[in-house]
Amino acid sequence: MNSTLIFWPVLAQVVLTILVFILMGVRKAKSVKAGTVNRKAAALDNRVWPADVVQVSNNIANQFETPILFYVLCIVLYVSGGVGVAALVLAWAYSLSRYAHAFVHTSSNYVPTRMRIFLFGTLVLLLMTLLAGFELASLGQTPI
């Protein structure tokens, strides 16, 4: 199997982050145009933006939390030769879960649904971590 395939879900995650930044720009521009924000205060305090802007801003922060672990795990799997069907399915499952999470977070922001999606993505990361650990151990790369 071509191990570089692991980088497609990575790119999908990067694209998601860029799309959320674009959404934030659109929502901020709309707010400024409508006059619903004090731009001077907003320069120092994100909380003065309307709720729809803060939702997107909070989601951007999320894009630099667990996705960092995802990026590292994909690199570990690539370097260790651990990219196979299981790794690809898990990587795509994680990336797609982040799209679902971002959609809920920036639209309805219904926390129970958002939490279930987050927990699913976290479980996928746990499975990817175990897979990476098995791959490293099979190479004789144990920490002990």
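For this chain, numbers begin at 1 and follow the sequence in order. Side-chain atoms are counted along with the backbone in the values below, which use heavy atoms only and exclude waters and symmetry mates.
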A.B. asks: Under the 3.5 angstrom rule, does the side chain of S97 hit a backbone N or O of Y94 as a donor-acceptor pair?
C.D. replies: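 Yes, the answer is positive, given that a donor and an acceptor are paired below the 3.5 Å cut-off.
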
A.B. asks: Check step by step if side chain to side chain contact (heavy atoms under 4.5 Å, CB included) holds for W49 and V32.
C.D. replies: CA-CA 9 Å; W49 288 98; V32 168; 3.9 Å; yes

A.B. asks: Stepwise, does the side chain to side chain contact (heavy atoms under 4.5 Å, CB included) test hold for M128 with C74?
C.D. replies: CA-CA 8 Å; M128 286 181 74; C74 287; 3.9 Å; yes

A.B. asks: Passes side chain to side chain contact (heavy atoms under 4.5 Å, CB included), K28 versus S31? Steps please.
C.D. replies: CA-CA 5 Å; K28 280 186 173 184; S31 179; 5.6 Å; no

A.B. asks: Do T106 and M24 make a side-chain contact, defined as non-hydrogen atoms from C-beta onward lying under 4.5 Å apart?
C.D. replies: no

A.B. asks: Just wondering, are more than 12 heavy atoms of other shown residues or ligands nearer than 6.0 Å to OH in Y71?
C.D. replies: yes

A.B. asks: Below 4.5 Å, heavy atoms only, C-beta onward: do N109 and V104 meet side chain to side chain?
C.D. replies: no

A.B. asks: Can a donor-acceptor pair be found between the side chains of N59 and Q63 at a distance below 3.5 Å?
C.D. replies: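 Result is yes, a qualifying pair exists.
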
A.B. asks: Taking all heavy atoms of A102 and all of L16, pick out the closest pair and write down the distance.
C.D. replies: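 Where A102 meets L16 most closely, the heavy atoms are CB-CD1, 3.9 Å.
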
A.B. asks: Within the distance-only criterion (no hydrogens, no angle test), does the side chain of R27 pair as donor or acceptor with the backbone N or O of D52 below 3.5 angstrom?
C.D. replies: yes

A.B. asks: Distance from H101 atom NE2 to R116 atom CZ, nearest 0.5 Å?
C.D. replies: 12.0 Å

A.B. asks: Would you call L119 and L123 a side-chain contact if the rule is heavy atoms closer than 4.5 Å?
C.D. replies: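 When only atoms from C-beta onward are counted, L123 and L119 do not touch, as no gap falls below 4.5 Å.
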
A.B. asks: When you measure from the side chain of T129 to the backbone of L125, do you find a donor-acceptor pair of N or O atoms at a distance under 3.5 Å?
C.D. replies: yes

A.B. asks: Step through the shown structure and confirm whether more than 12 heavy atoms of other residues, nucleotides or ligands are within 6.0 Å of CZ on F70.
C.D. replies: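 Above 12, so yes.
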
A.B. asks: Could you tell me the separation between the CD1 atom of I6 and the CH2 atom of W92, rounded to the nearest 0.5 Å?
C.D. replies: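 I6 atom CD1 to W92 atom CH2 measures 10.0 Å (nearest 0.5 Å).
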
A.B. asks: Apply side chain to side chain contact (heavy atoms under 4.5 Å, CB included) to the pair W8 and L5, showing each step before the final yes or no.
C.D. replies: CA-CA 6 Å; W8 284 108; L5 291 173; 4.0 Å; yes

A.B. asks: For residues P67 and Q13, report the shortest heavy-atom separation together with the two atoms involved.
C.D. replies: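 Taking P67 first and Q13 second, the nearest heavy atoms are CG-NE2, 3.7 Å.
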
A.B. asks: Checking side-chain polar atoms at under 3.5 Å, does S57 have a donor or acceptor matched by the opposite partner on N46?
C.D. replies: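 Looking only at side-chain atoms, N46 and S57 do form a donor-acceptor pair, the distance falling under 3.5 Å.
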
A.B. asks: Decide if atom CZ of F7 counts as having more than 12 heavy atoms of other residues, nucleotides or ligands within a radius under 6.0 Å.
C.D. replies: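 Yes, enclosed.
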
A.B. asks: Could you tell me if Q55 and N58 have a donor-acceptor pair between their side chains, going purely by distance under 3.5 Å?
C.D. replies: no

A.B. asks: What distance do K30 atom NZ and T36 atom OG1 have between them, rounded to the nearest 0.5 Å?
C.D. replies: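 Taking NZ in K30 and OG1 in T36, the distance rounds to 9.0 Å.
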
A.B. asks: Can you tell me if CE on M1 sees more than 12 non-hydrogen neighbours from other groups inside 6.0 Å?
C.D. replies: yes

A.B. asks: Any idea which heavy atoms bring S95 and P9 closest together, and the distance?
C.D. replies: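 Looking at all heavy atoms of both residues, the shortest contact is OG-O, 3.3 Å.
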
